[in-house]
Amino acid sequence: MRAVASVLHLDLDAFFAAVEQRDKPSLRGKPVVVGGVGGRGVVSTASYEARRYGVRSAMSTREARARCPHAAFLTGRFHAYRDTSERVMALLRSVSPLVEPLSLDEAFVDLAAADRATYPQLADLSVPSVTAFAEHLRARVEEVTGGLTASVGVASSKFLAKVASDLDKPDGLVVVPRGTERDLLRPMSVTVIPGVGPATTERLRRVGVHTVADLETLSEDELVRLLGNANGHWLHQLAQAQDDRPVVAEREAKSVSVEGTYDHDLTDRVLMEQLLTRQAVDVARRLRKAGLSGRTVTIKVRLHDFTTLNRSTTLASPTDAPATIARLARTLLADLDTSGGVRLLGVGVSGLADWVQEDLFGETTEDEEELPDVEVPHHSRRAWAPGMDVEHAEMGRGWVWGSGRGVVTVRFETAETPAGPVRSYAEDDPDLTVWRPPTPEEEPG
DNA sequence: TCTGGGGTCCTAGGACCC
DNA sequence: TCTGGGGTCCTAGGACCC
């Protein structure tokens, strides 16, 4: 904990949904749900309008549809989110070199390391000065994002800054003056502590601990006995608002993985092997793009009953070769009983090194091996869903307004033309295709 | 026909080494 | 012949986060 409140946490409000509302004006003020639209999709982000109907992150899309049938359900356009996120992160980095992104929509900023040439007001880290600066920063976020709002917390530690940014959402600011931290935390549920999820909450509940104040009454030894070494020490620290974690700008990736949940359980082993192969190729492509390679290949298999299995194998030296990763993944699958059906398959590589093993012996690498093309059983490829982005050969980009009885209605609307035209097409019109956002590799730059 | 996808970190047991 | 102790690596599973 620092002597002054100089750690800032910024969180973009309902980020994915807000980007959709920014880019599709008719969605403004309306419930918007971004997430998986397939049979097994879950909600990634709900706009505040949708939250009023009880729609929440991580809820199944099925349940979200039941709660708010008139919401627009969108699959997500990650290139747009990444683009907007980068603008915000660049703004934050202009404030301080110590910016630690936690995800596309969240970051810590160390104001004590701020660039005082550009922001002389940050020479003064008093509460009034920091408050004024945070308001200025929130206004700048709106400018660079084209109207998105952010919630900000400023405090003497990461933990308190994050708690603070949550207190006045959306579009809020809370500064926690030094010395008031413990009083703020005491009445709060233990669930505000990062790392306290459902399992830990239940263990604590059984010993009568519900709030941070309750937690303060347990000794460190008791917490370690209850929750294990790491979690016990950690909770003991945070219960006293003790948190000295620095803001760290560069964090190296420790693993790269790809996984997919299928609308219908898989039973065909050949198809499973093909899917793993394809995922291995994706993982290898991402490794190469990042200049990384790894020694441990892991597969993840979720069975029909949601039992999740991981199998891994470690090589003597790191690889980024798609054929090697694919072969190991298929070998790992061979030892598993999947006769009951598989709902998820995944491939990952860890034990990363930022160098690639040279071809020491001049052997032909396995890269030359032919990798089969795979037809993914994606049953909803052209099952039109409202909000889905589409491309028409002549009209260009649009999105599905409604569908049924073999007809799909598309709205060709952009930020510039909010009252863009609406057209109806036959569902099997070959000129009409689902518009797939570019993958990171396909994007220009 | 409940339950995504991308990650991080921790635990615990066994192998192996000194 | 009845059994050490520490350290590291690997594997599997689980909790948690956004």
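First the proteins, then the strands, lettered A, B, ... as listed; each starts at 1.
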Could you tell me which nucleotide pairs with C:dC18 by Watson-Crick or G-U wobble geometry, both distances under 3.5 Å, or answer none if nothing does?
B:dG5

Calculate the interatomic distance between A:R62 atom CZ and B:dG4 atom P; express it in whole Å.
11 Å

Residue-phosphate contact under 4.0 Å: A:R343 side-chain N/O, B:dT3 OP1/OP2
yes

Using a 4.0 Å heavy-atom cut-off, does A:R203 contact any base of the nucleic acid, only the sugar-phosphate backbone, or nothing at all?
nothing

Per-nucleotide protein contact string for nucleotides 5-15 of chain C (B base, S sugar-phosphate only, - none; heavy atom under 4.0 Å):
-----SSSS-S

Centroid separation A:F159 to A:H9 less than 6.0 Å:
no

Atom-to-atom span, CZ of A:R56 to C1' of B:dG4 - whole angstrom
19 Å

What is the nucleic acid contact for A:V43, judged by heavy atoms within less than 4.0 Å: base, sugar-phosphate only, or nothing?
nothing

At 4.0 Å (heavy atoms only), tell me whether A:G39 reaches a base, stays on the sugar-phosphate, or touches nothing.
sugar-phosphate

I need the CZ-C1' distance between A:F16 and B:dG4, as an integer number of Å.
12 Å

Would you verify whether the NZ or CZ of A:R82 falls within 45 degrees of the ring axis of A:F78 while also being under 6.0 Å from that six-membered ring's centre?
no

Quick one: A:L238 CG to C:dC17 P, roughly how many Å, whole number?
12 Å

Closest-nucleotide mapping onto DNA chain B: is A:S60 or A:K254 further toward the 5' terminus? I mean the 5' end.
A:S60

Taking atom P of B:dC2 as reference, at what distance in whole Å does atom CG of A:D305 sit?
12 Å

For B:dC16 versus C:dT3, give the span between their P atoms, rounded off to a whole number of Å.
23 Å

5' priority, DNA chain B, between A:N229 and A:G260 [closest heavy atom]
A:G260

What's A:L104 touching, base or sugar-phosphate or nothing? Going by heavy atoms closer than 4.0 Å.
nothing

May I ask you to say whether A:D244 pairs ionically with A:R2, meaning some side-chain N is under 4.0 Å from a carboxylate O?
no

Between CZ of A:R251 and C1' of C:dC17 the distance, given in whole Å, is 11 Å

Rounded C1' spacing from C:dG4 to B:dC17 in Å
14 Å

Strictly below 4.0 Å, N to O, side chains only: are A:E63 and A:R67 in salt-bridge contact?
yes

Nearest whole Å is fine: how far is B:dG4 P from A:L344 CG?
8 Å

Check ion pair A:E259-A:R302 (N to O, under 4.0 angstrom):
no

May I ask you to decide whether A:E202 forms a salt bridge with A:R206, counting only side-chain N to carboxylate O separations under 4.0 Å?
yes

So, is the end of the A:R343 side chain (NZ or CZ) under 6.0 Å from the ring centre of A:Y262 and within 45° of the ring's axis?
no

Would you indicate what A:K300 reaches in the nucleic acid, counting non-hydrogen atoms under 4.0 angstrom: base, sugar-phosphate, or nothing?
nothing

Run the salt bridge (Lys or Arg N to Asp or Glu O under 4.0 Å) check on A:R87 and A:D83 step by step: do they pass?
CA-CA 7 Å; A:R87 279 184 262 165; A:D83 184 77; 2.9 Å; yes

For B:dT1 and C:dC18, measure between their C1' atoms and round to the nearest Å.
27 Å

Which whole-number value in Å describes the distance from A:Q279 CD to B:dG4 P?
15 Å

